[in-house]
Amino acid sequence: MSTSNNMLNILTLFSIEEPVLDADIICEKLNFSKPTGYRYIKDLVSHGILQRLHGGQYTFGPRISVMDYISQQSNPILRLSIPFMLDIVEQTEFNCCLTQFYEDYCIDIHHEGYKESSLLSYGRGRPRPAYAGAAPKIILANTTTKIQKSIFRNFQDHYIASEFALTETEFLDKLNQTKKQGYYVSKGELETHLGAIAVPIIYSNKAFPLALSIVGSVKRFNLIQVETIVEMLTKAAKHIESEFKKTEL
């Protein structure tokens with residue numbers, strides 16, 4: 001395996017559960033000799049990707065924060081979406097999220113809250129399950145059957161436990177119905193006190209769709225007109241898709 005792959009593999013070891021790792025543990029997990037592993041770690045520290053803590057422990061360095069800032073500023077779909085998200089928040093008084101699918105989990109790449117709302121325990125960049133909530137289901141509904149089958153097999157127990165689908169065939173049928181409907185409503189799926197409505201943003205045939213969602217308390221969701229919210233979200237999603245296509249010309 002190349003040096004670059006080995007160094008990238010070091011970065012993938014860090015997680016929410018393990019944000020700090022000992023150098024010897026890194027070497028052990030990746031089967032590096034200590035001289036080789038220490039050299040990789042030293043190079044990552046010199047570039048600000050990792051930083052050394054006490055006792056030979058390491059965590060992400062300042063360069064990661066800079067890279068995240070650049071990502072926020074340079075992502076064209078994000079720049080196009082934010083004005084619409086702000087408008088949705090203003091009109092609905094709900095939180096608004098833009099969500100991306102990656103491997104076998106989802107991440108919110110942007111979130112606009114209403115009046116500093118603290119309802120959401122998930123935020124930008126924090127991985128969340130691919131099997132619960134409105135955003136992942138609307139994204140999966142607009143992907144290929146091959147990907148849908150793979151996700152079902154990976155998380156079959158969760159789909160069965162939640163009674164969303166007991167079999168692969170039922171799972172595919174429900175996603176097909178969701179795609180035809182054009183939106184998905186969840187209540188208490190990801191967090192028991194929260195509800196969400198999500199629509200897809202299909203901005204490229206080379207990438208996963210994104211999900212544009214409003215999120216609020218289940219109590220409030222029981223009082224809203226879903227069709228009105230869906231119309232607002234869908235209109236915004238279509239505008240974002242259209243504007244993005246103009247940037248590709």
Side-chain angles (χ1 to χ4, degrees), residues 1-79 97-111 120-133 135-136 139-140 143-159 190 203-211 248:
M1 190 174 291
S2 69
T3 297
S4 59
N5 277 335
N6 285 333
M7 295 178 78
L8 288 172
N9 283 335
I10 290 175
L11 300 181
T12 62
L13 293 178
F14 293 87
S15 65
I16 299 296
E17 294 76 23
E18 293 186 286
V20 176
L21 290 172
D22 184 87
D24 289 344
I25 296 297
I26 292 173
C27 294
E28 181 182 331
K29 287 189 173 187
L30 296 175
N31 294 317
F32 295 156
S33 68
K34 286 188 178 181
T36 299
Y38 284 14
R39 185 175 72 252
Y40 291 151
I41 293 169
K42 182 180 178 181
D43 287 344
L44 289 168
V45 170
S46 69
H47 287 87
I49 305 298
L50 293 181
Q51 61 179 330
R52 191 175 190 276
L53 304 176
H54 57 83
Q57 293 188 315
Y58 293 84
T59 190
F60 283 150
R63 186 64 187 169
I64 296 293
S65 297
V66 175
M67 292 165 68
D68 181 59
Y69 176 76
I70 293 171
S71 173
Q72 292 182 59
Q73 297 301 309
S74 62
N75 187 331
I77 198 73
L78 193 56
R79 292 202 314 271
C97 295
L98 189 66
T99 306
Q100 185 176 46
F101 206 94
Y102 180 68
E103 293 185 341
D104 58 357
Y105 59 86
C106 284
I107 51 173
D108 291 334
I109 59 175
H110 192 71
H111 163 235
L120 301 177
S121 61
Y122 290 87
R124 174 181 166 84
R126 180 184 174 187
R128 57 189 181 92
Y131 51 82
I139 293 173
L140 283 172
T143 57
T144 64
T145 302
K146 180 180 178 181
I147 292 171
Q148 293 171 353
K149 287 182 176 180
S150 174
I151 293 296
F152 180 78
R153 289 164 188 163
N154 287 343
F155 301 107
Q156 183 174 356
D157 291 345
H158 293 283
Y159 288 118
L190 182 61
Y203 65 98
S204 171
N205 58 11
K206 300 177 182 178
F208 268 93
L210 300 177
E248 293 185 308

(message) Once rounded to the nearest 0.5 Å, what's the spacing between atom CG of Leu11 and atom CG of Asn6?
(response) 11.5 Å
(message) Using side-chain heavy atoms (C-beta onward) and a distance below 4.5 Å, is Phe208 in contact with Thr143?
(response) yes
(message) Ignoring hydrogens, what is the shortest heavy-atom contact between Ile107 and Pro127? Give both atom names and the distance.
(response) CG2-CA, 3.8 Å
(request) Could you name each residue pair satisfying side chain to side chain donor-acceptor pair (under 3.5 Å) that touches residues 147-157, not counting sequence neighbours? (result) Arg153-Glu168
(request) To the nearest 0.5 angstrom, please state how far the SG atom of Cys97 sits from the CG atom of Leu210. (result) 12.5 Å
(request) To the nearest 0.5 Å, tell me how far Thr59 OG1 sits from Ile64 CD1. (result) 9.5 Å
(message) Could you report the tightest heavy-atom contact between Pro129 and Pro136, atom names first, then the distance?
(response) O-CG, 3.9 Å
(message) Any heavy-atom pair between the side chains of Phe32 and Ile41 that's under 4.5 Å?
(response) no
Solution key, residues 12-23 side-chain donor-acceptor pairs under 3.5 Å, sequence neighbours excluded:
unit_1: Thr12; atom_1: OG1; unit_2: Asn9; atom_2: O; d: 2.7
unit_1: Ser15; atom_1: OG; unit_2: Glu17; atom_2: N; d: 3.3
unit_1: Ser15; atom_1: OG; unit_2: Glu17; atom_2: OE1; d: 3.4
unit_1: Ser15; atom_1: OG; unit_2: Glu18; atom_2: N; d: 3.0
unit_1: Glu18; atom_1: OE1; unit_2: Lys29; atom_2: NZ; d: 2.9
unit_1: Glu18; atom_1: OE2; unit_2: Lys29; atom_2: NZ; d: 3.4
unit_1: Asp22; atom_1: OD2; unit_2: Asp24; atom_2: N; d: 2.8

(request) May I ask you to decide if the ring planes of Tyr102 and Tyr105 are parallel, tilted or perpendicular, using 30° and 60° as cut-offs? (result) perpendicular
(request) To the nearest 0.5 Å, tell me how far Ile151 CD1 sits from Lys146 NZ. (result) 12.5 Å
(message) Working to the nearest 0.5 angstrom, can you tell me the gap between Leu98 CG and Asp108 CG?
(response) 8.0 Å
(request) Enter the distance from Gln100:CD to Ile77:CD1 here, rounded to the nearest 0.5 Å. (result) 10.5 Å
(request) Provide the closest heavy-atom pair for Ala130 versus Tyr159 in the form atom of the first, atom of the second, distance. (result) O-OH, 3.5 Å
In a table with atom names and distances, give each donor-acceptor pair under 3.5 Å that connects a side chain of residues 45-54 to protein atoms at least two apart or in another chain.
unit_1: Ser46; atom_1: OG; unit_2: Asp43; atom_2: O; d: 2.6
unit_1: His47; atom_1: ND1; unit_2: Asp43; atom_2: O; d: 2.9
unit_1: Gln51; atom_1: NE2; unit_2: Phe60; atom_2: O; d: 3.1
unit_1: Arg52; atom_1: NE; unit_2: Tyr58; atom_2: OH; d: 3.3

